[in-house]
Amino acid sequence: MQYDVMTLFPDIIKDYCSYSIMKRGIEKGIISVNTINPRDFTHDKHRRVDDSPYGGSSGMVLMAPPVFEAYESIKRCENSEFIMLTPQGEPYNQKISIELSKKEQIILLCGRYEGFDERIRLGLKPREISLGDYILTGGELGALCIMDSVSRHLEGFLNKEDSSVNDSFSAGLNGMLEHPQYTRPREYRGMKVPDVLLDGNHAEIEKFRHDESILRTRIRRPDLI
């Protein structure tokens, strides 16, 4: 999987990818991460990428020319997806992350300021995705969320191949929330690990986990049932 991230703050992307599981994925050659800064495609001495909106309004708008030229500089694979991070996009979920994991390349456009010149949408026709009904300062956090969640589905990315299968919202749980997990010590501040998890009966353990997954989903996310 190749990630190409269009961002005015490439260090945000690079810093996150230099730690933990993303770093290991890069070192294994399972993913590659490239950043493209629209400022490098400006043609004035101030490297300006934003301007005030026509018609008047608060804030500044990301200009079309540097974004177009930055996008056109990227070598695209045949099986690629171009994504714009915007609160106006389709809500992101596990189903989309699995769908995107089938791609060879994901290009992510991170916004800043008041938003995008509408001609970026009209001319480049990105798939618009939102992380939720709230506003962030920029799209970098959203891009990293997508990169992290998509990469988990790639073969060899996780240490245990079944780790992502039993995550919340995954096919292994029929889209429900994950069951509660416990580790040592067996008792802590009066709270004990359920006995069923200690007796070694795998059939009973699986039944317990299945029942707890259903219960937790009914209580916390009944819309998933």
Could you tell me the separation between the [atom1] atom of [X] and the [atom2] atom of [Y], rounded to the nearest 0.5 Å?
{"X": "Ser52", "Y": "Met60", "atom1": "OG", "atom2": "CE", "result": "5.5 Å"}
{"X": "Met1", "Y": "Ser32", "atom1": "CE", "atom2": "OG", "result": "9.5 Å"}
{"X": "Glu69", "Y": "Ile74", "atom1": "CD", "atom2": "CD1", "result": "12.5 Å"}
{"X": "Leu154", "Y": "Ser101", "atom1": "CG", "atom2": "OG", "result": "6.0 Å"}
{"X": "Leu85", "Y": "Phe116", "atom1": "CG", "atom2": "CZ", "result": "7.5 Å"}
{"X": "Thr42", "Y": "Asp50", "atom1": "OG1", "atom2": "CG", "result": "11.0 Å"}

So that I can tick it off, tell me whether [Y] and [X] are bridged by a salt bridge, with the cut-off set at under 4.0 angstrom between side-chain N and carboxylate O.
{"X": "Asp211", "Y": "Lys207", "answer": "yes"}
{"X": "Arg47", "Y": "Asp44", "answer": "no"}
{"X": "Arg209", "Y": "Glu178", "answer": "no"}

Exercise for the section: Please answer whether the main-chain N or O of Met176 pairs with a side-chain N or O of Asn174 as donor and acceptor at a distance below 3.5 Å. Expected result: no
Provide the closest heavy-atom pair for [X] versus [Y] in the form atom of the first, atom of the second, distance.
{"X": "Ile31", "Y": "Ser151", "value": "CG2-OG, 3.8 Å"}
{"X": "Met6", "Y": "Phe82", "value": "SD-CE1, 4.1 Å"}
{"X": "Ile120", "Y": "Met63", "value": "CD1-O, 3.9 Å"}
{"X": "Pro53", "Y": "Ser57", "value": "CG-CB, 3.7 Å"}
{"X": "Leu131", "Y": "Gly142", "value": "CD2-CA, 3.7 Å"}
{"X": "Val5", "Y": "Cys110", "value": "CG1-SG, 3.7 Å"}

Do [X] and [Y] have side-chain heavy atoms sitting under 4.5 Å apart?
{"X": "Ser73", "Y": "Ile36", "value": "yes"}
{"X": "Ile107", "Y": "Ile83", "value": "no"}
{"X": "Ile98", "Y": "Lys95", "value": "no"}
{"X": "Val150", "Y": "Tyr3", "value": "yes"}
{"X": "Arg121", "Y": "Gln88", "value": "yes"}
{"X": "Gln2", "Y": "Glu104", "value": "no"}
{"X": "Pro10", "Y": "Ile13", "value": "no"}
{"X": "Phe9", "Y": "Asp15", "value": "no"}

Practice task
Could you go through the side chain to side chain contact (heavy atoms under 4.5 Å, CB included) check for Asp51 and Asp117 one step at a time?
Solution key: CA-CA 10 Å; Asp51 207 340; Asp117 185 308; over 6 Å; no
Going only through I, L, V, M, F, W and Y residues with side-chain contacts under 4.5 Å, is there a path from [X] to [Y]?
{"X": "Ile214", "Y": "Val196", "value": "no"}
{"X": "Phe208", "Y": "Leu177", "value": "no"}
{"X": "Val61", "Y": "Phe68", "value": "no"}
{"X": "Leu215", "Y": "Val193", "value": "no"}
{"X": "Leu122", "Y": "Ile129", "value": "no"}

Handout entry: Residues Ile26, Cys17; criterion side chain to side chain contact (heavy atoms under 4.5 Å, CB included); working and verdict
Key = CA-CA 8 Å; Ile26 292 171; Cys17 293; 3.9 Å; yes
[atom1] of [X]: more than 12 outside heavy atoms within 6.0 angstrom?
{"X": "Asp199", "atom1": "CG", "answer": "yes"}
{"X": "Lys28", "atom1": "NZ", "answer": "yes"}
{"X": "Asp11", "atom1": "CG", "answer": "yes"}
{"X": "Arg220", "atom1": "CZ", "answer": "no"}

Exercise for the section: Start with the C-alpha gap between Asn37 and Thr7, add the side-chain angles, then the distance that decides, and say whether side chain to side chain contact (heavy atoms under 4.5 Å, CB included) holds. Expected result: CA-CA 5 Å; Asn37 192 337; Thr7 171; over 6 Å; no
Practice task
Take Glu206 and His179 through the test side chain to side chain donor-acceptor pair (under 3.5 Å) and record every step on the way to the result.
Solution key: CA-CA 10 Å; Glu206 287 305 309; His179 52 78; over 6 Å; no
Practice task
Mind running side chain to side chain contact (heavy atoms under 4.5 Å, CB included) on Tyr92 and Cys145 for me, showing each step along the way?
Solution key: CA-CA 10 Å; Tyr92 188 65; Cys145 285; 5.7 Å; no
Between [Y] and [X], do the side chains contain a donor N or O and an acceptor N or O under 3.5 Å apart?
{"X": "Glu128", "Y": "Thr86", "result": "no"}
{"X": "His153", "Y": "Glu99", "result": "no"}
{"X": "Gln105", "Y": "Asp4", "result": "yes"}

